[in-house]
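What follows is a set of notes on a single structure, which appears directly below.
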Amino acid sequence: MSDSQLLSNAPELTVSELSGALKRAIEDQFGHVRLRGEISNYRGPHSSGHCYFSLKDAGARIDAVIWKGTFLRLRTKPQEGLEVIATGRITTFPGKSSYQIVIEQLEPAGLGALMALLEERRKKLAAEGLFDEARKQRLPFLPGVIGIVTSPTGAVIRDILHRLNERFPRHVLVWPVRVQGETSAGEVAAAIRGFNALVPGGPAPRPDLLIVARGGGSLEDLWSFNEEEVLRAAAASEIPLISAIGHETDWTLLDLVADLRAPTPTGAAEKAVPVRAELLADLANLARRHDAAALRLLERRRADLRALVRALPGPENLLATPRQSLDRAGDRLRASLAAGLARRQLALANASRLLARHAPHAEMQRATGRLNNLVFRLGTTRQALVERRRERLVTLSARFDAARRARLALLRNDLRAQQEKSQALAARLAAALAAIVARRRDRLAHGEQLLAAVGHEAVLRRGFVLARDRDGAPLRSVAQAPEGAWLSLQFADGRIAATAGPPLDGAKPRKRSATPRKAKESGQGSLF
């Protein structure tokens, strides 16, 4: 049997069928893997929200993709050059005939990377003043209500409640959160803000003290309490906050931001309230054993559920290829738009060259030629036109001289008439002014006569005397001239001094005022 006959017996496959078969085989064999490598060619999220980059080590590289929904939930975001441990599934992309990993979880590789990231965040927040002692609040001596942020199923909450009841029972509000995992940081920050949002006197009592607690664990387990979202929520809390994360040797950045750090969750309860009484140790031990058994049972059920979920095809698997095809189509569309723009620019340049032939400056050159021809023709007729204009100018000049002389004569006549009118008005004005002056003089003479008639000088000429005191004030009664007072007597022809004697009619003079009233400055006083 020849080679051609052997090949003819092989089934024919389309490219899509072969790609689908390879995709199913790879996904069945590598359904869930954990890869350690360095992030390369990361340029941030794509315009669609998905992330594309590579994971590499010393000998190989593999393409990686993180879908938009997964990227938003990641606690550790990809960074260029960061060594990480990526958890996901291996699949293929038929459009490029390549295989890739679809990442579902991402975490730094090793304790060293986490410690470097932790130290960088600590320096940043310390520079902002979040760790300053001046901004920390004083804990209340005996809080009426205590708010606790922790897992409702762990032993931590039981330890705190036990110690509170043992020392001093208080009203406790528990805000259940996950203390480990991708969503843990957001839940803890939301719980702190939620307690602060409670209104005093509302349906739910507002806590006087907050305790954020978690049991011990590795640095990775406690990483949620190093997230910036949790730290800023704790710094903005108006309610005093105690950090009780892990054991005494464990520490997080929340311990630096909180108003007080407790070595253990139990220690947080001891610092929150004073001692009241001790509870039975057996009851607390049974409660812890019960909670631990319930937690182990719940964890087994959750593990079984996660195994079942992974066996089912999720919506991410169904949309993986169309999503990547859409992103590639978007890239091709941008390239096509750039090429189309270049073609339009070339067509515009050709049109510009065609339009240059009919440009205004070309038309101007042709018009200039026609204008020169007209100028030449105009030069032959210009002399004749100048002669006709000169003759017309002479005629108009003669007409203008005659009109100017007539106008001057008319203006002289008008000026002569105005002068005669002005002289007549001047004569009338002089006569009127003389009449006004005469009337004013008559009124002045009449006033002088009236003043002479009513003035005191005329009265004095009739035989009366004007008496004044030493200050020159006129005296109007006998009371103003006590016996022995100096008097000034004014007659019509002069003044003399006199001394007042006793009254002739026997009347007693009244006592003169200490300050005589000043005479008016008009010059007219009493006649007596």
- Item | Ion pair check, Glu228 and Arg232, cut-off under 4.0 Å | yes
- Glu38 side chain vs Lys56 backbone, donor-acceptor pair below 3.5 Å: no
- Query: Would you find a donor on one side and an acceptor on the other, under 3.5 Å apart, between the side chain of Glu187 and the backbone of Arg178?
  - Reply: yes
- Ser224: side chain to side chain donor-acceptor pair (under 3.5 Å) partners, not counting sequence neighbours: Ser184
- Item | Test: Arg390 and Glu387 ion pair at under 4.0 Å | yes
- Check step by step if side-chain hydrogen bond (donor to acceptor under 3.5 Å, both in side chains) holds for Arg370 and Asn373. CA-CA 5 Å; Arg370 292 194 297 270; Asn373 186 24; over 6 Å; no
- Note on the structure: In short, Arg135 meets Asp132 closest at the heavy-atom pair CG-O, 3.0 Å
- Item | Residue pairs passing the side-chain hydrogen bond (donor to acceptor under 3.5 Å, both in side chains) test where at least one lies in residues 400-412, sequence neighbours excluded | none
- Nearest heavy-atom pair of Thr150 and Ala213: which atoms, and what distance? OG1-O, 2.9 Å
- Item | Under 3.5 Å donor-acceptor, Ser336 side chain and Arg332 backbone | yes
- Message: Using every non-hydrogen atom in the two residues, find where Pro207 and Gly147 come nearest and quote the distance to one decimal.
- Response: CB-N, 3.6 Å
- Note on the structure: Nearest heavy-atom approach of Leu231 to Leu130 is O-CD2, 4.3 Å
- Taken in chain and number order and not counting sequence neighbours, the residues that satisfy side chain to side chain contact (heavy atoms under 4.5 Å, CB included) with Glu238 are Asn196, Arg206
- Counting only N and O atoms by type, is there a donor-acceptor contact under 3.5 Å from the side chain of Arg214 to the main-chain atoms of Leu222? no
- Item | Whether His50 side chain and Lys68 backbone form a donor-acceptor pair below 3.5 Å | yes
- Query: Going through the checks in order, is the side-chain hydrogen bond (donor to acceptor under 3.5 Å, both in side chains) test met by Arg495 and Ser488?
  - Reply: CA-CA 7 Å; Arg495 295 185 182 182; Ser488 173; 4.7 Å; no
- Task: Give me the one residue out of Thr252, Asp259, Asp255 that meets side-chain hydrogen bond (donor to acceptor under 3.5 Å, both in side chains) with Ser243.
- Result: Asp255
